[in-house]
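Worksheet: the structure to be examined is printed underneath.
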Amino acid sequence: MNIEYKNESYTIDNVSVSNLAETYGTPCFVYSEDSISKNYNEINNAFSNNKKKVYYSVKANSNLSILKLLSELGSGFDIVSMGELDRVLKIGASPKNIVYSGVGKSESDIKKSIELGIYCINVESFSELERINKIASQLKTKAPVAIRVNPNIDPGSHEYISTGLESTKFGINLKNMMDAFMYADKENFIDLIGIDYHIGSQIETLGPFIEAVFSVAKIIKELKANNISVDLIDMGGGLGIDYGKNKVPLLKEYGEALNKAIKDNKLEDYNIILELGRSIVGNAGYLLTKVEYIKKDSEKNYVIVDAGMDNLIRPALYSAWHNIICTKTHENKKKILCDVVGPVCECADFLGKDRELIVEQDDILVVTACGAYASSMASNYNSRPKPAEIIIKNKEAKLISKREEVKDLYAREIII
Ligand code: LLP
């Protein structure tokens, strides 16, 4: 954690939280460049070599400065839309360092990816494979693909992010996958380069990851028995982070455990990639918010703040728990049991429930572990502009996304 309490005030990478709130206004997101670099380097050092590489999963946080930082650190990119593709190209990444997943790729998405020459399209259905073959034939080229299999492994996370279960829309189930591999192997306009899986997100134990490596090794044997060979294994992402109440393996431990599983299954000769998002940026971000009111007239105490579910939807959507720190100290004041709620008109608009805080009106609160799936999932619900984003680089705050203005919200609308 880069948030620290010293000399009676809170700092993020040595920059005062209250100064940040004053300078940039609240709500705002603050990121630590040191944390992002440290996380990336930790997994890169433990895992990568000339055959193994980390691809940052853009959906976790797609701010251009963060993408540029990761590109400079040597990361590849895992994208799921043309919007994400545009962002990654904008910061100068090579298409050769991009893999493209997602169940709903349109004809034009596929055409653009083939024309650009991205490294690999991760195919999630038989009909997608047929579509890719048709488009590649029109372009008179071969499309590089990996088949995303669904290994039916329970990652033990929230049901909305447990993508490795057969009952989800992701990947091709084990019983159908061989048809897809055979088709991809024989068709002229498809270059079958790999096998791909992603079993879920916020996975807190190593077991499911190891199980998945064993499962893919078994599939590769089956493919060999059918004279089909691949040289890429995309192992997806999913390592969880510590939100303050849960335990997770270190990135280093995760990398080492994967290395061992790769060795145990004699997969060292394959090109292997990881698509990590949350574990690289998650604990590097904070949401700063101001207390507008404290309301004590019902059975509960409500601490009403200026950030809401439009800024951080994780508590509402996944019952996710984020730590909330009050940055002001109040001598002789008692803790209150409270729900920290936003101004949005929904009962689901809360950042935390049943918290014990010593808090007063106008205090600045910090919601921790907001680097991943916070700003990237933000909305404009209730016509609320998106907050500013700031990164701390060499102990200095830099604005990396301006606060939206209300006029930006209706700029595309037409009054008739
Ligand atoms: N690869 C694929 C194909 C994915 O679908 C995902 C995440 C990742 C990689 C990166 O997973 P990570 O390393 O970040 O766990 N909004 C949810 C998480 C959704 C994850 C979606 N897919 C949340 O806030 O918990």
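Only heavy atoms go into these numbers, but all of them, side chains included; no hydrogens, no water, no symmetry mates. As the structure lists them, so they are numbered: ligands from 1, and atoms in each ligand from 1. Numbering of residues begins at 1 and proceeds along the displayed sequence.
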Taking only heavy atoms of [X], which atoms of ligand 1 are found under 4.0 Å from at least one of them?
{"X": "Gly238", "result": "11 (O), 12 (P), 13 (O), 15 (O)"}
{"X": "Asp78", "result": "1 (N), 9 (C)"}
{"X": "Arg148", "result": "3 (C)"}
{"X": "Leu276", "result": "13 (O)"}
{"X": "Ile161", "result": "17 (C), 18 (C), 19 (C), 25 (O)"}
{"X": "Gly277", "result": "12 (P), 13 (O), 14 (O)"}

Item to complete: Go through the steps to decide whether Tyr24 and Val30 satisfy the test side-chain contact (heavy atoms from CB on, under 4.5 Å), and finish with yes or no.
Response: CA-CA 10 Å; Tyr24 299 99; Val30 178; over 6 Å; no
Could you find the nearest protein heavy atom to [atom] and give me its residue, atom name and distance?
{"atom": "atom 21 (C) of ligand 1", "result": "Lys59 CD, 3.8 Å"}
{"atom": "atom 16 (N) of ligand 1", "result": "Tyr318 OH, 2.7 Å"}
{"atom": "atom 1 (N) of ligand 1", "result": "Glu275 OE1, 2.6 Å"}
{"atom": "atom 14 (O) of ligand 1", "result": "Tyr373 OH, 2.6 Å"}
{"atom": "atom 24 (O) of ligand 1", "result": "Arg314 NE, 2.6 Å"}
{"atom": "atom 15 (O) of ligand 1", "result": "Ser201 OG, 2.4 Å"}

Worksheet item: Does the side chain of Arg278 reach to within under 4.5 Å of the side chain of Ile161, using non-hydrogen atoms?
Response: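 Counting from C-beta outward, Arg278 and Ile161 do come under 4.5 Å.
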Worksheet item: Short question: side chain of Asn39, backbone of Ile36 - any donor-acceptor pair under 3.5 Å?
Response: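 Flag not set: sc Asn39 to bb Ile36 has no pair under 3.5 Å.
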Worksheet item: Just wondering, more than 12 heavy atoms not from Lys68 lying within 6.0 Å of its NZ?
Response: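 It does not: Lys68 NZ has 12 such atoms or fewer within range.
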Item to complete: Among Thr368, Val17, Ile390, find the one that has a side chain to side chain contact (heavy atoms under 4.5 Å, CB included) with Ile12.
Response: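 So the option named by the test is Val17.
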Practice prompt. For the residue pair Tyr243 and His322, categorise the inter-ring angle as parallel (less than 30°), tilted (30 to 60°) or perpendicular (more than 60°).
Written response: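 Taking His322 first and then Tyr243, their aromatic rings stand perpendicular (interplane angle over 60°).
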Any N or O of [X] closer than 3.5 Å to N or O of ligand 1:
{"X": "Ser101", "answer": "no"}
{"X": "Ser57", "answer": "no"}
{"X": "Met377", "answer": "no"}

Worksheet item: Out of curiosity, Thr141 OG1 to Ile135 CD1, how far, rounded to the nearest 0.5 Å?
Response: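 Reported to 0.5 Å precision, the distance equals 12.5 Å.
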Practice prompt. Check step by step if salt bridge (Lys or Arg N to Asp or Glu O under 4.0 Å) holds for Lys252 and Glu256.
Written response: CA-CA 6 Å; Lys252 184 169 175 277; Glu256 285 167 356; 3.4 Å; yes
Worksheet item: Can Tyr10 and Tyr5 be said to form a ring-ring contact (aromatic ring centres under 6.0 Å, His included), step by step?
Response: CA-CA 5 Å; Tyr10 277 88; Tyr5 183 66; 4.8 Å; yes
